[in-house]
Amino acid sequence: MRFATATLAVSAAVGAWAVDSANAGTPEKARVEVLEVTVRNDQYTAVDLGPTGPSLGDMDVYSGTAVKDGHAIGRGGGTCQVIQIEGDTQTSQCLITMEVARGSVTMQSLWTKGVGSLDMAITGGTGEYSNARGIARFWDIATPNERARLEIRR
């Protein structure tokens with residue numbers, strides 16, 4: 001579940017380029033930042049709680065760096081904790097915080113181990129991202145090719 005490490009790094013990438021787009025159903029415009037980054041996993045550990053092997057409460061803890069055009073633009077970290085095991089299917093609740101120059105972005109989702117991509121809800125943040133919403137998608141989780149795209153609405 002080193003996927004979380006990547007997710008962390010991606011959030012750090014917040015701050016790439018901004019585009020205005022109309023808010024559906026309202027006359028106001030929402031500012032949308034689209035951020036595409038690669039993720040450099042820095043630290044990772046698996047915590048095996050309860051019985052040996054996969055069980056409720058087991059946790060993956062990770063940190064990483066978001067990289068854009070070869071330069072680190074942020075850092076982050078988070079956890080994924082197992083909340084359900086059904087046969088060979090393991091589902092975790094994942095929480096990530098990314099810190100960049102203009103503030104931090106928080107993300108949350110459920111993740112099924114082994115799935116190729118992950119969509120996370122952007123649930124808020126600090127600084128310029130205090131009212132952030134949107135979606136973050138991660139691919140190639142926990143690999144050297146991990147990447148993410150964040151669509152941040154403010």
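For this chain, numbers begin at 1 and follow the sequence in order.
Remark: the Y129 side chain and the R102 side chain contain an N/O donor-acceptor pair separated by less than 3.5 Å.
Of the charged side-chain nitrogens involved, none lies within less than 4.0 Å of a carboxylate oxygen, so that E128 and R31 do not count as a salt-bridged pair.
Interatomic distance, CG of L35 versus CD1 of I152, reported as 6.0 Å (0.5 Å rounding). Distance CD1/I122 to CD1/I96: 10.5 Å, rounded to 0.5 Å. Expressed to the nearest 0.5 Å, how far CG of D42 lies from OG of S63 amounts to 5.0 Å. A distance of 12.5 Å separates CD in E99 from CD1 in I73, rounded to the nearest 0.5 Å. Note: M120 CE to T106 OG1 = 9.5 Å, rounded to the nearest 0.5 Å. Note that OG of S117 and CZ of R149 are 13.5 Å apart. Values are rounded to the nearest 0.5 Å.
In terms of heavy atoms, A136 sits closest to F138 at CB-CE1, 4.0 Å. Shortest non-hydrogen contact noted between N41 and A142 is ND2-CA, 3.9 Å. The nearest pair of heavy atoms linking Q81 to G57 is NE2-O, 3.2 Å.
The side-chain contact (heavy atoms from CB on, under 4.5 Å) search around Q108 returns Q93, L95, T123, not counting sequence neighbours. Checked against side-chain hydrogen bond (donor to acceptor under 3.5 Å, both in side chains), T126 has the following partners two or more places apart in sequence or in another chain: S104. Listed by chain and number, the residues in a side-chain hydrogen bond (donor to acceptor under 3.5 Å, both in side chains) with S55 are D58 (sequence neighbours excluded). When the side-chain contact (heavy atoms from CB on, under 4.5 Å) test is applied to N145, the partners found at least two apart in sequence or on another chain are D140, T143. Annotation: side-chain hydrogen bond (donor to acceptor under 3.5 Å, both in side chains) contacts of D119 (sequence neighbours excluded): R137. Not counting sequence neighbours, the partners of T91 by the side-chain contact (heavy atoms from CB on, under 4.5 Å) test are I83, Q84, T89, L110, T112.
Linking Ile, Leu, Val, Met, Phe, Trp and Tyr residues whenever their side-chain heavy atoms come within less than 4.5 Å leaves W139 and I135 in two separate clusters.
Note on residues 45-54: no pairs pass side chain to side chain donor-acceptor pair (under 3.5 Å), not counting sequence neighbours.
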